[in-house]
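So the structure is just underneath, and the comments pick up after that.
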Amino acid sequence: MADKILAVKGMNDILPGSVPRKDKLPDSALWRWFERTVDRVLSQHGYQYLLTPVVEPTPLFVRGIGEATDIVEKEMYSWTDAMNGDALTLRPEITAGIVRAMVEHNVLYNGPLRVWTLGPVFRHERPQKGRYRQFFQLDVEALGLPGPDVDAELILLVRRLWQALGLEVGRDVRLELNSLGQPAERAAHRAALVAYFEQHRDRLDDDSRRRLHSNPLRILDSKNPALQSLVDAAPTLAEHLGAESRAHLQAVCDVLDAAGLPYRINPRLVRGLDYYNLTVFEWVTDHLGSQGTVCGGGRYDGLFEQLGGKPTPAIGFGLGIERLLLLLQALGLPVPDAAPQAYAVIGDGVPLAPVLVALDALRAAGVAVQMHAAGREGWGSLKSQLKRADASGARFALVFGADELAQGAVALKPLRDAAAAQVLRPLARPETWAGELLQG
Ligand code: ATP
Ligand code: MG
């Protein structure tokens, strides 16, 4: 036998729930249910779907996310196209590509736009639970709107999504909020930070020393426990915010207060991408260990200009789909039912044409029916077929046996209700009894 070829490390297969797997990754039924829920909540808020490429020119991310960020420094899958020498990158996030598309097609010429998409992103990180090299993001962006009204609306939208998914704010997920102010305010804060960390240079680790002049803000985001006390005493951006920035944050908070959404202002929340200003937020959970951020976003009023567009205010967020589904699983929340309504078992020597025609008619009437098709030897006896019917979760087995067929009938065998008896129904007219399968 030839060697098996395995998936790339850190990149996952999402499989049907009937497939047992050790790694506890969410199954495709949960995944699809999430997608349907998102679709409903977002269209309810006036967001339109779009798709952008998974591969983009490398400079898009170097310029957009920022040269001195973790993502650009060490997490991107970049290469040179062997055919034409183009510098290309697998997208490590989706916002920059969306902004590129908006600028390229002059989309905002006719006014603001709310868009969303969902798809794979790639980061070369150390794989662990909740952290992968290919993962999926839901990405939601409100473009051309200065806020603070839309900032608050976007945060409330996420709360609606939690509600639709069965998550409880406070118990399962919490909101953290901050303002990154405007570029001039950040420059003043940055200068104060550099001065402070210069004073304590001997206590910094190598990573932080390297960042001291390239990106001192990222030191605040360090995951090194030895740096925590130093970081905690560092000058805060809040001390450097002007009246307008403070008012913007206050206006967002006023709406959240009025809507009864609890939050914590976290002055240390800086986010790992350089393009943010004013409102930034994260939704975090205590149920996923150190991979606790399920959703993060903020305002990026400068990004359009950085990418060659006209000045355009915008805000958005990215949500990690694997993490969110792992959270739903960890909480043991009820998952959607992917079971068929009926499972067709077919006796030996029974002619296939009338069976398939009957199943087709049932589906036309709206019934979800799964047919037991002959596979490997030993899958075929009526008894083993009925076992599979039971395992499928269907409420009824449809028994197409030779005896039933001789009477022009099919048997409906209830699988979930031990007290209910099997009944015969006319094989030729499934539409007259399809309703019985749909009930319940
Ligand atoms: P973290 O601090 O956990 O690395 P991040 O700030 O890098 O997260 P963002 O760039 O804000 O993450 O991406 C948005 C969301 O995508 C995160 O909140 C998280 O849920 C998810 N995410 C980020 N990196 C990964 C990864 N490597 N694997 C799975 N999900 C991820
Ligand atoms: Mg990260």
Side-chain angles (χ1 to χ4, degrees), residues 7-12 14 23-26 31 34 38 61 64-66 68-77 89-99 116-141 154-155 158 161-162 165 167 172-178 180 207 211 215 217-224 266 268-276 279-300 303 315-330:
V8 175
K9 190 174 171 204
M11 307 203 181
N12 302 309
I14 300 301
D23 55 22
K24 300 281 190 313
L25 272 160
W31 198 280
F34 172 79
V38 162
F61 303 115
I65 299 172
T69 57
D70 273 357
I71 295 180
V72 171
E73 272 182 355
K74 53 188 186 199
E75 294 175 1
M76 293 207 303
Y77 286 90
T89 293
L90 286 176
R91 63 180 180 194
E93 58 98 53
I94 306 186
T95 306
I98 290 184
V99 171
W116 72 280
T117 192
L118 179 159
V121 301
F122 303 84
R123 295 184 192 175
H124 203 284
E125 303 193 71
R126 192 169 68 78
Q128 51 198 292
K129 188 179 171 208
R131 191 174 294 283
Y132 312 104
R133 290 182 174 172
Q134 174 183 270
F135 61 100
F136 281 70
Q137 279 192 349
L138 164 67
D139 197 75
V140 179
E141 315 284 355
L154 194 71
I155 293 170
V158 182
L161 184 59
W162 299 151
L165 294 168
L167 290 170
D172 306 328
V173 278
R174 289 178 284 109
L175 174 63
E176 305 222 320
L177 198 62
N178 192 21
L180 295 187
D207 245 12
R211 284 181 176 141
N215 196 348
L217 250 109
R218 293 289 289 150
I219 302 177
L220 301 178
D221 209 20
S222 167
K223 295 192 165 95
N224 182 353
N266 175 1
R268 296 291 170 214
L269 183 62
V270 293
R271 313 277 302 119
L273 304 88
D274 277 355
Y275 50 60
Y276 290 109
T279 314
V280 290
F281 61 90
E282 283 187 356
W283 286 90
V284 296
T285 177
D286 302 324
H287 303 273
L288 289 180
S290 51
Q291 269 59 253
T293 309
V294 287
C295 173
R299 183 158 280 287
Y300 51 93
L303 187 58
I315 183 168
F317 68 80
L319 178 154
I321 297 180
E322 288 87 346
R323 275 189 208 176
L324 181 75
L325 300 187
L326 285 169
L327 173 62
L328 294 177
Q329 284 181 343

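One-based numbering, in listed order, for ligands and for the atoms of each.
Evaluation of the ring-ring contact (aromatic ring centres under 6.0 Å, His included) rule for Phe317 yields no partner, not counting sequence neighbours.
When only interatomic distances are considered, the shortest N/O to N/O separation between Glu125 and ligand 1 falls below 3.5 Å.
Numbered from 1 in the order shown, with element, the atoms of ligand 1 that lie under 4.0 Å from a heavy atom of Arg123 read 5 (P), 7 (O), 9 (P), 10 (O), 12 (O), 13 (O), 23 (C), 24 (N). Close approach of ligand 1 to Val294 is summarised as follows: ligand atoms under 4.0 Å from at least one heavy atom of the residue are 18 (O), 20 (O).
Arg323 contributes a side-chain N or O that, together with a main-chain N or O of Thr293, makes up a donor-acceptor pair within less than 3.5 Å. Judged by distance alone, the side chain of Gln291 and the main-chain N or O of Lys129 form a donor-acceptor pair under 3.5 Å.
Only side-chain heavy atoms of Gln137 come within less than 4.0 Å of ligand 1; its backbone N, CA, C and O stay farther off. Residue contacts with ligand 1 for Lys223 involve side-chain atoms from C-beta outward but no N, CA, C or O (heavy atoms, distance under 4.0 Å).
Between Gly66 and Thr69, the closest heavy-atom pair is O-OG1, 2.8 Å.
Ser222 has its side chain out of reach of Asp207: every pair of non-hydrogen atoms, C-beta onward, lies at least 4.5 Å apart.
Put simply, no part of His124 is less than 4.0 Å from ligand 1, judged by heavy atoms. In this structure, Glu93 has no heavy atom closer than 4.0 Å to ligand 1. Heavy-atom distances between Arg131 and ligand 1 reach below 4.0 Å in at least one pair.
The pair Arg123-Asp70 does not count as a salt bridge, with every side-chain nitrogen at least 4.0 angstrom from each carboxylate oxygen.
If you check each of Trp283, Phe122, Phe135, Phe317 against atom 24 (N) of ligand 1, the one with the closest non-hydrogen atom is Phe135. Relative to atom 20 (O) of ligand 1, the option among Ile71, Leu326, Thr293 with the closest non-hydrogen atom is Thr293.
Relative orientation of the Tyr276 and Tyr300 rings is perpendicular, given thresholds of 30° and 60° on the angle between their planes.
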